[in-house]
Amino acid sequence: MSLTHLNARGEAHMVDVADKQESRREAVAAGSISMRPATLALLAEGGLPKGDVLATARIAGIQAAKRTHELIPLCHQLALSKVSVDFRLDEQRSCVEVTASCRLNGRTGVEMEALTAVSVACLTLYDMCKAVDKDMQIGAIRLLSKTGGKSGDYRRGEAPPSTGPQIVTDDCYSGEVSLGPHADSRSVRVKCLAELRERLGVSELEITLASLARPDVAALKSALKVRDANFALLEEGRILCAVNQVMGGDDTPLTEGDEVAFFPPVTGG
Amino acid sequence: MIRIQQAPFDAGAEQLALCEGRSDIGAVVCFTGLVRDFNEKPDVEALSLEHYPGMTEAALAQIVAEAEQRWPLDGVRLIHRVGRLSPGDAIVLVAVASAHRRAAFEACDFIMDYLKTRAPFWKKEHTRHGDYWVAERTTDKHAARRWETV
(Lines give C-alpha, C1' and ligand atoms only; values in the text may rest on other atoms or scores of the structure.)
Protein backbone atom coordinates (compact mmCIF):
# COMPACT_ATOMS: atom_id res chain seq x y z
CA MET A 1 0.00 0.00 0.00
CA SER A 2 1.47 3.39 -0.96
CA LEU A 3 0.30 6.97 -1.04
CA THR A 4 -0.63 7.80 -4.64
CA HIS A 5 -0.22 11.56 -4.22
CA LEU A 6 3.52 11.21 -3.43
CA ASN A 7 6.03 10.36 -6.16
CA ALA A 8 9.21 8.28 -5.82
CA ARG A 9 11.01 11.23 -4.26
CA GLY A 10 8.28 11.81 -1.76
CA GLU A 11 7.05 14.98 -3.51
CA ALA A 12 3.39 15.78 -3.92
CA HIS A 13 2.04 15.24 -7.43
CA MET A 14 -1.29 14.88 -9.13
CA VAL A 15 -2.07 11.34 -10.30
CA ASP A 16 -2.31 11.06 -14.10
CA VAL A 17 -5.71 9.49 -14.74
CA ALA A 18 -5.74 9.72 -18.54
CA ASP A 19 -5.27 5.99 -19.00
CA LYS A 20 -7.69 4.89 -16.30
CA GLN A 21 -10.96 3.28 -17.34
CA GLU A 22 -14.08 5.38 -16.98
CA SER A 23 -16.56 3.87 -14.58
CA ARG A 24 -19.55 4.94 -12.60
CA ARG A 25 -18.35 6.35 -9.28
CA GLU A 26 -20.42 7.12 -6.28
CA ALA A 27 -19.48 8.17 -2.76
CA VAL A 28 -21.52 8.93 0.34
CA ALA A 29 -20.14 10.87 3.29
CA ALA A 30 -21.68 12.01 6.54
CA GLY A 31 -21.00 14.28 9.48
CA SER A 32 -22.88 15.99 12.24
CA ILE A 33 -23.09 19.24 14.11
CA SER A 34 -24.27 19.12 17.69
CA MET A 35 -25.98 22.12 19.23
CA ARG A 36 -28.12 23.15 22.14
CA PRO A 37 -31.67 21.75 22.05
CA ALA A 38 -33.00 25.33 21.87
CA THR A 39 -30.91 26.00 18.74
CA LEU A 40 -32.14 22.82 17.12
CA ALA A 41 -35.73 23.82 17.89
CA LEU A 42 -35.20 27.26 16.33
CA LEU A 43 -33.66 25.61 13.28
CA ALA A 44 -36.62 23.25 12.95
CA GLU A 45 -39.11 26.15 13.13
CA GLY A 46 -37.13 28.37 10.79
CA GLY A 47 -36.78 31.01 13.52
CA LEU A 48 -33.11 31.83 13.06
CA PRO A 49 -32.08 35.38 12.16
CA LYS A 50 -30.29 34.47 8.93
CA GLY A 51 -33.34 32.81 7.39
CA ASP A 52 -33.74 29.41 5.84
CA VAL A 53 -30.80 27.55 7.35
CA LEU A 54 -31.19 24.12 5.78
CA ALA A 55 -31.85 25.36 2.25
CA THR A 56 -28.78 27.57 2.46
CA ALA A 57 -26.56 24.82 3.89
CA ARG A 58 -27.76 22.44 1.20
CA ILE A 59 -26.85 24.82 -1.62
CA ALA A 60 -23.50 25.55 0.10
CA GLY A 61 -22.70 21.83 0.24
CA ILE A 62 -23.62 21.30 -3.41
CA GLN A 63 -21.56 24.31 -4.54
CA ALA A 64 -18.61 23.18 -2.41
CA ALA A 65 -18.62 19.68 -3.94
CA LYS A 66 -18.36 21.27 -7.39
CA ARG A 67 -15.36 23.34 -6.24
CA THR A 68 -13.42 20.69 -4.33
CA HIS A 69 -10.51 20.93 -6.78
CA GLU A 70 -10.03 24.58 -5.80
CA LEU A 71 -9.63 23.64 -2.14
CA ILE A 72 -7.73 20.34 -2.08
CA PRO A 73 -4.41 20.80 -3.89
CA LEU A 74 -4.08 17.50 -5.71
CA CYS A 75 -7.72 16.88 -6.52
CA HIS A 76 -8.87 16.75 -10.14
CA GLN A 77 -11.64 18.99 -11.45
CA LEU A 78 -14.64 16.73 -12.00
CA ALA A 79 -17.90 17.09 -13.90
CA LEU A 80 -20.18 15.65 -11.24
CA SER A 81 -23.43 14.28 -12.59
CA LYS A 82 -25.20 14.46 -9.25
CA VAL A 83 -24.69 15.94 -5.82
CA SER A 84 -27.19 15.65 -3.03
CA VAL A 85 -27.09 16.93 0.52
CA ASP A 86 -29.63 15.77 3.08
CA PHE A 87 -30.26 16.68 6.68
CA ARG A 88 -31.74 14.72 9.55
CA LEU A 89 -32.62 16.55 12.73
CA ASP A 90 -31.86 14.27 15.67
CA GLU A 91 -33.68 15.56 18.74
CA GLN A 92 -32.37 12.86 21.07
CA ARG A 93 -28.71 13.66 20.42
CA SER A 94 -29.49 17.33 19.75
CA CYS A 95 -27.63 17.44 16.47
CA VAL A 96 -28.11 17.70 12.72
CA GLU A 97 -26.84 14.73 10.74
CA VAL A 98 -25.59 15.78 7.31
CA THR A 99 -25.26 13.26 4.49
CA ALA A 100 -23.88 14.00 1.03
CA SER A 101 -23.63 11.79 -2.00
CA CYS A 102 -21.80 12.51 -5.24
CA ARG A 103 -21.78 10.67 -8.52
CA LEU A 104 -20.12 10.75 -11.91
CA ASN A 105 -18.98 8.57 -14.75
CA GLY A 106 -15.26 9.13 -14.82
CA ARG A 107 -11.76 8.14 -13.95
CA THR A 108 -11.40 9.29 -10.37
CA GLY A 109 -13.37 8.72 -7.21
CA VAL A 110 -15.71 11.30 -5.75
CA GLU A 111 -15.15 10.74 -2.02
CA MET A 112 -13.31 14.05 -1.61
CA GLU A 113 -16.28 15.82 -3.18
CA ALA A 114 -18.75 14.11 -0.82
CA LEU A 115 -16.55 14.87 2.22
CA THR A 116 -16.18 18.49 1.12
CA ALA A 117 -19.94 18.84 0.67
CA VAL A 118 -20.53 17.56 4.22
CA SER A 119 -17.79 19.79 5.68
CA VAL A 120 -19.04 22.96 4.02
CA ALA A 121 -22.69 22.19 4.77
CA CYS A 122 -21.68 21.80 8.46
CA LEU A 123 -19.70 25.04 8.38
CA THR A 124 -22.66 26.83 6.82
CA LEU A 125 -24.97 25.46 9.53
CA TYR A 126 -22.49 26.84 12.07
CA ASP A 127 -22.43 30.22 10.36
CA MET A 128 -26.22 30.41 10.09
CA CYS A 129 -26.75 29.50 13.77
CA LYS A 130 -23.75 31.06 15.50
CA ALA A 131 -25.68 34.18 16.50
CA VAL A 132 -27.63 32.10 19.00
CA ASP A 133 -25.18 29.30 19.84
CA LYS A 134 -21.38 29.44 19.79
CA ASP A 135 -20.91 26.07 21.50
CA MET A 136 -21.90 24.07 18.45
CA GLN A 137 -19.46 21.32 17.55
CA ILE A 138 -18.84 19.78 14.17
CA GLY A 139 -17.74 16.17 14.23
CA ALA A 140 -17.61 12.66 12.83
CA ILE A 141 -17.03 13.71 9.22
CA ARG A 142 -16.42 10.42 7.48
CA LEU A 143 -16.81 8.44 4.30
CA LEU A 144 -19.71 5.99 4.51
CA SER A 145 -19.37 4.24 1.19
CA LYS A 146 -17.68 4.41 -2.18
CA THR A 147 -18.37 2.39 -5.29
CA GLY A 148 -16.65 2.07 -8.67
CA GLY A 149 -13.02 2.29 -9.66
CA LYS A 150 -9.99 0.04 -9.43
CA SER A 151 -9.63 0.06 -5.67
CA GLY A 152 -13.04 -1.55 -5.38
CA ASP A 153 -16.08 -0.82 -3.29
CA TYR A 154 -15.84 0.38 0.27
CA ARG A 155 -18.45 0.43 2.96
CA ARG A 156 -17.78 1.68 6.46
CA GLY A 157 -18.33 -1.01 9.06
CA GLU A 158 -20.90 0.76 11.16
CA ALA A 159 -24.52 0.32 11.95
CA PRO A 160 -26.74 2.63 9.93
CA PRO A 161 -27.78 5.72 11.91
CA SER A 162 -30.75 5.08 14.14
CA THR A 163 -33.94 5.98 12.37
CA GLY A 164 -35.49 7.72 15.32
CA PRO A 165 -38.33 10.17 15.05
CA GLN A 166 -37.56 12.45 12.14
CA ILE A 167 -38.48 16.09 12.04
CA VAL A 168 -39.59 17.34 8.66
CA THR A 169 -36.55 19.23 7.49
CA ASP A 170 -38.08 21.85 5.23
CA ASP A 171 -41.06 23.19 3.39
CA CYS A 172 -41.12 21.58 0.00
CA TYR A 173 -40.91 24.88 -1.85
CA SER A 174 -37.98 26.29 0.06
CA GLY A 175 -34.94 24.48 -1.15
CA GLU A 176 -35.70 20.85 -1.74
CA VAL A 177 -33.07 19.33 -3.99
CA SER A 178 -35.03 16.22 -4.57
CA LEU A 179 -32.66 13.58 -3.82
CA GLY A 180 -32.84 10.43 -1.87
CA PRO A 181 -33.54 7.01 -3.25
CA HIS A 182 -36.22 6.75 -5.90
CA ALA A 183 -38.67 3.94 -6.20
CA ASP A 184 -36.75 2.55 -9.14
CA SER A 185 -33.15 3.65 -9.30
CA ARG A 186 -32.70 2.25 -12.81
CA SER A 187 -34.96 4.98 -14.12
CA VAL A 188 -34.53 8.56 -15.12
CA ARG A 189 -37.15 10.91 -13.69
CA VAL A 190 -38.54 13.43 -16.18
CA LYS A 191 -40.26 16.64 -15.07
CA CYS A 192 -42.13 19.07 -17.30
CA LEU A 193 -42.55 22.54 -15.82
CA ALA A 194 -44.80 25.57 -16.26
CA GLU A 195 -46.32 26.14 -19.71
CA LEU A 196 -44.75 22.96 -21.07
CA ARG A 197 -46.47 20.86 -18.39
CA GLU A 198 -49.84 22.36 -19.33
CA ARG A 199 -49.32 21.92 -23.07
CA LEU A 200 -48.22 18.30 -22.65
CA GLY A 201 -50.56 17.44 -19.82
CA VAL A 202 -47.62 15.67 -18.19
CA SER A 203 -46.02 16.75 -14.95
CA GLU A 204 -43.68 13.92 -14.11
CA LEU A 205 -42.85 10.46 -15.42
CA GLU A 206 -40.17 7.81 -15.11
CA ILE A 207 -38.45 6.07 -17.96
CA THR A 208 -35.94 3.23 -17.65
CA LEU A 209 -32.44 4.01 -18.76
CA ALA A 210 -32.29 0.68 -20.60
CA SER A 211 -35.10 1.80 -22.92
CA LEU A 212 -32.94 4.62 -24.35
CA ALA A 213 -30.78 4.10 -27.43
CA ARG A 214 -27.97 5.98 -25.67
CA PRO A 215 -27.74 7.33 -22.14
CA ASP A 216 -28.14 11.01 -23.05
CA VAL A 217 -30.79 13.74 -23.30
CA ALA A 218 -31.22 13.46 -27.11
CA ALA A 219 -32.04 9.75 -26.78
CA LEU A 220 -34.40 10.52 -23.89
CA LYS A 221 -36.31 13.00 -26.11
CA SER A 222 -36.56 10.37 -28.87
CA ALA A 223 -37.88 7.77 -26.44
CA LEU A 224 -40.44 10.23 -25.08
CA LYS A 225 -41.64 10.99 -28.62
CA VAL A 226 -42.16 7.28 -29.23
CA ARG A 227 -44.23 7.15 -26.06
CA ASP A 228 -46.31 10.21 -27.01
CA ALA A 229 -46.02 12.23 -30.23
CA ASN A 230 -46.80 15.43 -28.31
CA PHE A 231 -43.28 15.30 -26.90
CA ALA A 232 -42.15 16.68 -30.27
CA LEU A 233 -42.67 19.98 -28.42
CA LEU A 234 -39.34 19.30 -26.71
CA GLU A 235 -37.60 19.88 -30.04
CA GLU A 236 -38.81 23.48 -30.13
CA GLY A 237 -35.69 25.59 -29.91
CA ARG A 238 -36.99 27.56 -26.96
CA ILE A 239 -37.48 24.59 -24.63
CA LEU A 240 -34.63 24.29 -22.12
CA CYS A 241 -33.37 21.31 -20.21
CA ALA A 242 -31.67 20.74 -16.84
CA VAL A 243 -30.12 17.49 -15.63
CA ASN A 244 -30.00 17.17 -11.83
CA GLN A 245 -30.91 20.86 -11.72
CA VAL A 246 -27.92 21.99 -13.78
CA MET A 247 -28.55 23.37 -17.29
CA GLY A 248 -27.82 20.76 -19.93
CA GLY A 249 -28.28 20.01 -23.62
CA ASP A 250 -28.88 17.17 -26.06
CA ASP A 251 -25.46 15.63 -25.43
CA THR A 252 -25.64 15.72 -21.62
CA PRO A 253 -25.08 12.14 -20.40
CA LEU A 254 -27.64 10.50 -18.14
CA THR A 255 -27.13 7.98 -15.37
CA GLU A 256 -29.58 6.02 -13.26
CA GLY A 257 -31.58 8.07 -10.82
CA ASP A 258 -31.03 11.34 -12.68
CA GLU A 259 -33.71 14.02 -12.72
CA VAL A 260 -34.26 15.66 -16.11
CA ALA A 261 -36.45 18.78 -16.28
CA PHE A 262 -37.77 20.42 -19.45
CA PHE A 263 -39.12 23.96 -19.31
CA PRO A 264 -39.74 27.13 -21.34
CA PRO A 265 -37.53 30.24 -21.06
CA VAL A 266 -37.72 31.84 -17.63
CA THR A 267 -39.92 34.87 -16.89
CA GLY A 268 -39.39 35.73 -13.22
CA GLY A 269 -38.69 39.03 -11.54
CA MET B 1 -29.45 35.81 2.13
CA ILE B 2 -31.76 34.33 -0.45
CA ARG B 3 -35.39 33.42 0.20
CA ILE B 4 -38.19 32.05 -1.91
CA GLN B 5 -41.53 32.35 -0.17
CA GLN B 6 -45.25 32.69 -0.63
CA ALA B 7 -45.66 35.19 2.18
CA PRO B 8 -45.33 38.95 1.61
CA PHE B 9 -42.13 40.68 2.71
CA ASP B 10 -41.40 44.03 4.34
CA ALA B 11 -38.80 45.86 2.24
CA GLY B 12 -38.08 48.33 5.05
CA ALA B 13 -37.45 45.58 7.59
CA GLU B 14 -35.21 43.73 5.15
CA GLN B 15 -33.14 46.85 4.55
CA LEU B 16 -32.76 47.41 8.30
CA ALA B 17 -31.72 43.79 8.77
CA LEU B 18 -29.13 44.14 6.02
CA CYS B 19 -27.43 47.02 7.84
CA GLU B 20 -28.03 45.92 11.42
CA GLY B 21 -25.00 46.36 13.64
CA ARG B 22 -22.81 47.71 10.87
CA SER B 23 -21.30 51.13 10.38
CA ASP B 24 -19.06 50.37 7.38
CA ILE B 25 -21.93 50.36 4.85
CA GLY B 26 -22.19 53.59 2.88
CA ALA B 27 -24.95 52.76 0.41
CA VAL B 28 -27.97 50.48 0.21
CA VAL B 29 -29.88 50.08 -3.04
CA CYS B 30 -33.20 48.37 -2.61
CA PHE B 31 -35.24 47.33 -5.66
CA THR B 32 -38.81 46.09 -5.28
CA GLY B 33 -40.66 44.64 -8.27
CA LEU B 34 -44.48 44.86 -8.24
CA VAL B 35 -47.28 43.08 -10.07
CA ARG B 36 -48.76 45.39 -12.78
CA ASP B 37 -52.39 45.33 -13.81
CA PHE B 38 -51.45 45.45 -17.48
CA ASN B 39 -48.80 43.47 -19.32
CA GLU B 40 -49.14 41.62 -22.63
CA LYS B 41 -52.88 42.11 -22.21
CA PRO B 42 -54.86 44.63 -20.14
CA ASP B 43 -56.94 43.80 -17.09
CA VAL B 44 -54.52 41.48 -15.32
CA GLU B 45 -56.42 40.28 -12.26
CA ALA B 46 -53.79 37.99 -10.76
CA LEU B 47 -50.44 36.39 -11.36
CA SER B 48 -49.23 32.87 -10.55
CA LEU B 49 -45.55 32.26 -10.09
CA GLU B 50 -44.00 28.85 -10.40
CA HIS B 51 -40.40 27.86 -9.66
CA TYR B 52 -38.23 24.75 -9.69
CA PRO B 53 -37.40 24.04 -6.04
CA GLY B 54 -33.70 23.49 -5.55
CA MET B 55 -32.54 24.69 -8.92
CA THR B 56 -34.05 28.14 -8.40
CA GLU B 57 -32.21 28.61 -5.10
CA ALA B 58 -28.97 27.40 -6.69
CA ALA B 59 -29.38 29.75 -9.67
CA LEU B 60 -30.03 32.73 -7.38
CA ALA B 61 -27.02 31.81 -5.20
CA GLN B 62 -24.89 31.68 -8.33
CA ILE B 63 -26.09 35.11 -9.48
CA VAL B 64 -25.43 36.69 -6.08
CA ALA B 65 -21.99 35.03 -5.94
CA GLU B 66 -21.18 36.49 -9.35
CA ALA B 67 -22.28 39.97 -8.25
CA GLU B 68 -20.05 39.61 -5.17
CA GLN B 69 -17.12 38.79 -7.40
CA ARG B 70 -17.72 41.80 -9.65
CA TRP B 71 -18.35 44.45 -6.99
CA PRO B 72 -17.16 44.94 -3.40
CA LEU B 73 -20.43 44.26 -1.58
CA ASP B 74 -21.21 44.19 2.13
CA GLY B 75 -24.38 42.18 1.86
CA VAL B 76 -27.22 41.12 -0.42
CA ARG B 77 -30.83 40.20 0.43
CA LEU B 78 -32.81 38.62 -2.34
CA ILE B 79 -36.43 37.58 -1.84
CA HIS B 80 -38.67 36.23 -4.60
CA ARG B 81 -42.27 35.33 -4.00
CA VAL B 82 -44.08 32.39 -5.56
CA GLY B 83 -47.73 31.39 -5.68
CA ARG B 84 -50.70 33.61 -6.53
CA LEU B 85 -50.27 37.39 -6.36
CA SER B 86 -52.52 40.38 -7.11
CA PRO B 87 -51.76 43.64 -8.91
CA GLY B 88 -49.85 45.97 -6.61
CA ASP B 89 -48.27 43.10 -4.65
CA ALA B 90 -44.51 43.11 -4.22
CA ILE B 91 -43.03 40.15 -6.06
CA VAL B 92 -39.26 40.49 -5.76
CA LEU B 93 -36.80 42.33 -3.53
CA VAL B 94 -33.11 42.88 -4.20
CA ALA B 95 -31.30 44.85 -1.50
CA VAL B 96 -27.59 45.42 -1.95
CA ALA B 97 -25.22 47.05 0.53
CA SER B 98 -21.78 48.41 -0.25
CA ALA B 99 -19.34 51.03 0.98
CA HIS B 100 -20.09 53.17 -2.09
CA ARG B 101 -23.22 53.87 -4.11
CA ARG B 102 -21.93 52.97 -7.59
CA ALA B 103 -21.22 49.35 -6.65
CA ALA B 104 -24.61 49.05 -4.94
CA PHE B 105 -26.54 50.50 -7.91
CA GLU B 106 -24.74 48.40 -10.47
CA ALA B 107 -24.83 45.14 -8.51
CA CYS B 108 -28.59 45.54 -7.88
CA ASP B 109 -29.20 46.18 -11.59
CA PHE B 110 -27.01 43.20 -12.53
CA ILE B 111 -28.77 40.82 -10.10
CA MET B 112 -32.20 41.78 -11.50
CA ASP B 113 -31.05 41.42 -15.12
CA TYR B 114 -29.60 37.97 -14.45
CA LEU B 115 -32.55 36.91 -12.30
CA LYS B 116 -34.94 37.72 -15.14
CA THR B 117 -33.00 35.68 -17.70
CA ARG B 118 -31.39 32.86 -15.68
CA ALA B 119 -33.40 31.95 -12.59
CA PRO B 120 -36.11 29.32 -13.15
CA PHE B 121 -39.33 31.20 -12.42
CA TRP B 122 -42.38 31.27 -14.69
CA LYS B 123 -45.31 33.70 -14.61
CA LYS B 124 -48.85 32.99 -15.61
CA GLU B 125 -51.21 35.94 -15.86
CA HIS B 126 -54.90 35.67 -15.13
CA THR B 127 -56.94 38.29 -16.99
CA ARG B 128 -60.63 38.92 -17.44
CA HIS B 129 -60.31 37.27 -20.85
CA GLY B 130 -58.43 34.15 -19.83
CA ASP B 131 -55.10 32.92 -18.52
CA TYR B 132 -51.81 32.82 -20.36
CA TRP B 133 -48.15 32.14 -19.66
CA VAL B 134 -45.97 35.21 -19.98
CA ALA B 135 -43.49 35.02 -22.87
CA GLU B 136 -39.82 35.78 -22.47
CA ARG B 137 -38.79 39.28 -23.61
CA THR B 138 -35.88 40.06 -25.88
CA THR B 139 -35.42 43.36 -24.02
CA ASP B 140 -34.59 41.34 -20.89
CA LYS B 141 -32.04 39.34 -22.84
CA HIS B 142 -30.42 42.49 -24.20
CA ALA B 143 -30.34 43.99 -20.72
CA ALA B 144 -28.53 40.92 -19.36
CA ARG B 145 -26.10 40.91 -22.24
CA ARG B 146 -24.87 44.41 -21.30
CA TRP B 147 -22.95 42.84 -18.40
CA GLU B 148 -21.08 40.36 -20.54
CA THR B 149 -18.82 43.00 -22.07
CA VAL B 150 -18.16 44.85 -18.80
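Being a predicted model, the structure only gives us computed values, none of them experimental. Chain naming here is simple, since letters A, B, ... match the order of the sequence lines and numbering starts at 1 in each.
With chain B as the partner, the residue from P264(A), A242(A), A261(A) showing the most heavy-atom pairs under 4.5 Å is P264(A). Contact count against chain A (heavy-atom pairs under 4.5 Å) is highest for H80(B) among R118(B), H80(B), R137(B).
Heavy-atom contacts from other residues, nucleotides or ligands closer than 6.0 Å to CZ of R36(B) number more than 12. Applying the 6.0 Å contact sphere to CZ of R67(A) captures no more than 12 heavy atoms from other residues, nucleotides or ligands. No more than 12 heavy atoms of other residues, nucleotides or ligands shown are found within 6.0 angstrom of CD on E20(B). The local environment of CZ in F9(B) is crowded, with over 12 non-hydrogen atoms from other residues, nucleotides or ligands closer than 6.0 Å.
How far CD of E198(A) is from CH2 of W133(B): 5.0 Å, rounded to the nearest 0.5 Å. With values rounded to the nearest 0.5 angstrom, K124(B) atom NZ is found 12.0 Å from T267(A) atom OG1. Atoms CD and CD1, on Q62(B) and I59(A) in that order, are 10.5 Å from each other to the nearest 0.5 Å. For the atom pair CZ (F263(A)) and CD (E50(B)), the distance works out to 11.0 Å, reported to the nearest 0.5 Å.
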For R58(A) and E57(B): C-alpha separation, side-chain torsions, deciding distance, then whether salt bridge (charged side-chain N to carboxylate O under 4.0 Å, His left out) applies. CA-CA 10 Å; R58(A) 176 177 279 123; E57(B) 286 84 349; over 6 Å; no
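Contact annotation: the side chain of W122(B) approaches that of V266(A) to within less than 4.5 Å [non-hydrogen atoms, C-beta and beyond]. Proximity of E136(B) to R238(A): side-chain heavy atoms (C-beta onward) are separated by under 4.5 Å at one or more points.
At a 4.5 Å heavy-atom cutoff, the contact between R197(A) and chain B is made by side-chain atoms alone. Proximity to chain A (any heavy atom under 4.5 Å) is restricted, for A135(B), to the backbone atoms N, CA, C and O. Heavy atoms of R81(B) lying under 4.5 Å from chain A are absent altogether. Contacts of A119(B) with chain A are made by backbone atoms alone, with heavy-atom separations under 4.5 Å and no side-chain atom involved.
Heavy atoms only, all atoms of each residue included: G54(B) and Q245(A) are closest at C-OE1, 3.3 Å.
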